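Quick note: numbers below take in every heavy atom, side chains included, and nothing from hydrogens, waters or symmetry partners. Quick caveat: nothing in here was measured; it's all calculated off a predicted structure.
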Amino acid sequence: INFLMVIKIEKLHKKFGAEILNYKLSKDLNYKSFKEILKTFNEYGILLFRNQNLSIKNQVTFGRKFGKVLIHAVNQNHAKGHPEIYVLSNLDNTGKPSGKHPDQGSLYWHTDGSWRKITGQATIMVADIIPSKGGETHFCCMENAYDSLSDSMKLKIDNLFAIHNLDFSRNRRHGHDPLSKKQKNNAPPVIHPVVRTHPNTSRKSLFLGDHAEYIEDMDYSKGRNFIERLNKLATKTKFIYKHKYKEGDVLVWDNRRLLHKGTKYDTANVKRVMRRTTIIGEAPK
């Protein structure tokens, strides 16, 4: 029977995030139950599904329920046969820890795909192998951050635009592994409003993070300082949820209202393998 299921949740943070307690993603992805998941996603911004053992194929299927799936510019990290999946792994060819972090840029507050004209909507992260210590993902709610700003600051930023640039953020975090010329050409700088309105809820949030390089029509260094100051204001502890993964976790988050960052782990001695899918959203307004 295709009835509309009632999702049972437990909140992850008092302001945002929910664990779905009664759902198996590999078994039930019919339209009606997904409608309920989407409604919960728009309300809470993060959905957590524990003990899922989601296959690569089902991860792609789940991603496509949200919309068009992004093929990431850094193609050396694509899953074999599935370019929709971006693998974050510290293992070498023999399956041992390499000592290398797969994505240094992910250790700083950012939102997936903000360097594209059409930005990221949802990100799906599947936890395959998890270290006992470190390797967490922290989330910061930009709606709460925007709401907490003074009226004068809101007035100041409401009509500002920032230039987001993957080459800028990658160079400062991955100096040893810059983008190739082709990758750079495929990811030119883009301009986005500093304040964006969520297309489903109409709530406003700050839209900056690590890919935001400078402010349009503002002196470069002044704009850089302004972005750093706003990012700092936005990422206060009270706005943050810290997720400690368990193997089999599937975490889905809304890039239109959240910043996130990973935490460090011992890349030389412990294994960590994650699978990420980013769903394309819309141009921020």
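- One side chain, Asp219 or Ser221, offers a donor N or O that lies under 3.5 Å from an acceptor on the other.
- Of the possible polar contacts, none joining the Asp249 side chain to the Arg50 backbone as a donor-acceptor pair under 3.5 Å is found.
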task = Go through the steps to decide whether Phe161 and Val194 satisfy the test side chain to side chain contact (heavy atoms under 4.5 Å, CB included), and finish with yes or no.
result = CA-CA 5 Å; Phe161 288 81; Val194 169; 5.7 Å; no

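- Going from atom OG of Ser33 over to atom CD1 of Ile7 covers 7.5 Å, rounded to the nearest 0.5 Å.
- Under the 4.5 Å side-chain heavy-atom criterion for grouping Ile, Leu, Val, Met, Phe, Trp and Tyr, Leu160 is not connected to Ile163 through any hydrophobic cluster.
- Criterion: ILVMFWY side-chain heavy atoms under 4.5 Å apart, direct or through other members. Under it, Met142 and Phe139 are not part of a common hydrophobic cluster.
- Between Thr237 atom OG1 and Lys242 atom NZ the span is 6.5 Å, to the nearest 0.5 Å.
- Note on Tyr220: it clusters hydrophobically with Ile191, by side-chain heavy-atom contacts below 4.5 Å among ILVMFWY residues.
- You'll find the side chain of Thr119 reaches within 4.5 Å of the side chain of Arg196, heavy atoms only.
- Here Lys232 contributes atom NZ and Arg229 contributes atom CZ; the two are 11.0 Å apart, rounded to the nearest 0.5 Å.
- The closest side-chain heavy-atom distance from Lys100 to Asn90 is not below 4.5 Å.
- The OH atom of Tyr146 sits 8.0 Å away from the CG atom of Leu206 when rounded to the nearest 0.5 Å.
- In this structure the side chain of Ile280 never reaches within 4.5 angstrom of the side chain of Val69, judged on heavy atoms.
- Contact annotation: the side chain of Arg257 approaches that of Arg203 to within less than 4.5 Å [non-hydrogen atoms, C-beta and beyond].
- Shown here for Pro102 and Ser89, the closest heavy-atom pair between the two residues is CB-O, 3.4 Å.
- The backbone N or O of Asp92 lies less than 3.5 Å from no partner atom in the side chain of Ser98, so there is not a single donor-acceptor pair.
- Other residues, nucleotides and ligands contribute at most 12 non-hydrogen atoms within 6.0 Å of the OH atom of Tyr214.
- For His260 and Trp253, the distance between ring centers is under 6.0 angstrom.
- Residues Tyr265 and Gly134 approach most closely at CB-C, 4.0 Å, considering heavy atoms.
- In this structure the side chain of Leu91 never reaches within 4.5 angstrom of the side chain of Lys96, judged on heavy atoms.
- Looking at heavy atoms from C-beta onward, Val60 lies in side-chain contact with Arg64 at the 4.5 angstrom threshold.
- Connection of Ile129 to Val87 is established within a shared hydrophobic cluster, with ILVMFWY side chains joined at heavy-atom distances below 4.5 Å, either directly or through further cluster members.
- Of all the heavy atoms in Asp147 and Lys154, the pair that sits closest is O-NZ, 3.5 Å.
- A donor-acceptor contact closer than 3.5 angstrom is absent between the side chains of His211 and Glu213.
- Minimum heavy-atom separation, Leu54 to Gln59: CD2-CA, 3.7 Å.
- Ser114 and His164 form a side-chain donor-acceptor contact under 3.5 Å, judged by distance and modelled atom types alone.
- Geometrically, Lys11 does not engage Tyr44 in a cation-pi contact defined by less than 6.0 Å to the ring centre and at most 45° from the axis.
- When only modelled atom types and interatomic distance are considered, Thr277 and Glu84 share no side-chain donor-acceptor pair under 3.5 Å.
- Of the options Leu259, Asn231, Leu208, Asp210, a side chain to side chain contact (heavy atoms under 4.5 Å, CB included) to His110 is made by Asp210 and by none of the others.
- The aromatic rings of His243 and Tyr245 sit perpendicular, their planes meeting at an angle over 60°, well past the 30° parallel limit.
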request  = Kindly determine whether Asp266 and Asn269 satisfy side-chain hydrogen bond (donor to acceptor under 3.5 Å, both in side chains), including the steps that lead there.
outcome  = CA-CA 6 Å; Asp266 184 355; Asn269 296 298; 2.9 Å; yes

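- Pairing each heavy atom of Ser205 with each of Glu143, the nearest pair is CB-N, 3.5 Å.
- Here the side chain of Thr278 pairs no donor or acceptor atom with the backbone of Leu70 at under 3.5 angstrom.
- Remark: Lys133 NZ is loosely packed, at most 12 non-hydrogen atoms of other residues, nucleotides or ligands lying under 6.0 Å away.
- A heavy-atom distance below 4.5 Å is not found between the side chains of Tyr108 and Lys261.
- The side chain to side chain contact (heavy atoms under 4.5 Å, CB included) search around Phe41 returns Leu38, Leu47, Phe66, Gln121, Ala122, Val252, Asp254, Arg256, not counting sequence neighbours.
- Clustering ILVMFWY residues whenever any of their side-chain heavy atoms sit less than 4.5 angstrom apart, transitively, puts Val195 in a cluster other than the one holding Phe207.
- Distance alone, capped at 3.5 Å, is enough to place a donor-acceptor pair between the Thr263 side chain and the Glu136 backbone.
- Ile37 places none of its side-chain heavy atoms less than 4.5 Å from the side chain of Ile20.
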inquiry  = Evaluate Arg276 against Leu88 for side chain to side chain contact (heavy atoms under 4.5 Å, CB included), listing each step before the verdict.
reply    = CA-CA 7 Å; Arg276 189 178 80 197; Leu88 293 156; 4.2 Å; yes

ask   = Can you list the steps and then say if Asn51 with Glu247 is a side chain to side chain contact (heavy atoms under 4.5 Å, CB included)?
value = CA-CA 7 Å; Asn51 305 310; Glu247 286 180 12; over 6 Å; no

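- Scanning both residues, Lys117 and His192, for their nearest heavy atoms gives O-CE1, 3.3 Å.
- Under a cut-off of 6.0 angstrom, the local environment of NZ in Lys244 is crowded, with over 12 non-hydrogen atoms contributed by other residues, nucleotides or ligands.
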key: Worked verdict on Gln52 versus Tyr23 for side-chain hydrogen bond (donor to acceptor under 3.5 Å, both in side chains)   = CA-CA 9 Å; Gln52 292 293 320; Tyr23 202 82; over 6 Å; no

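- For the residue pair Thr123/Asp112, the side-chain donor-acceptor check at 3.5 Å is satisfied.
- Taking CD1 from Ile9 and OG1 from Thr40, the interatomic distance works out to 7.0 Å, rounded to the nearest 0.5 Å.
- With respect to the salt-bridge test (charged N to carboxylate O, under 4.0 angstrom), the residues Glu228 and Arg224 qualify.
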request  = Mind running side chain to side chain contact (heavy atoms under 4.5 Å, CB included) on Ile124 and Phe49 for me, showing each step along the way?
outcome  = CA-CA 11 Å; Ile124 300 166; Phe49 303 84; over 6 Å; no

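- The SG atom of Cys140 sits 12.5 Å away from the NZ atom of Lys15 when rounded to the nearest 0.5 Å.
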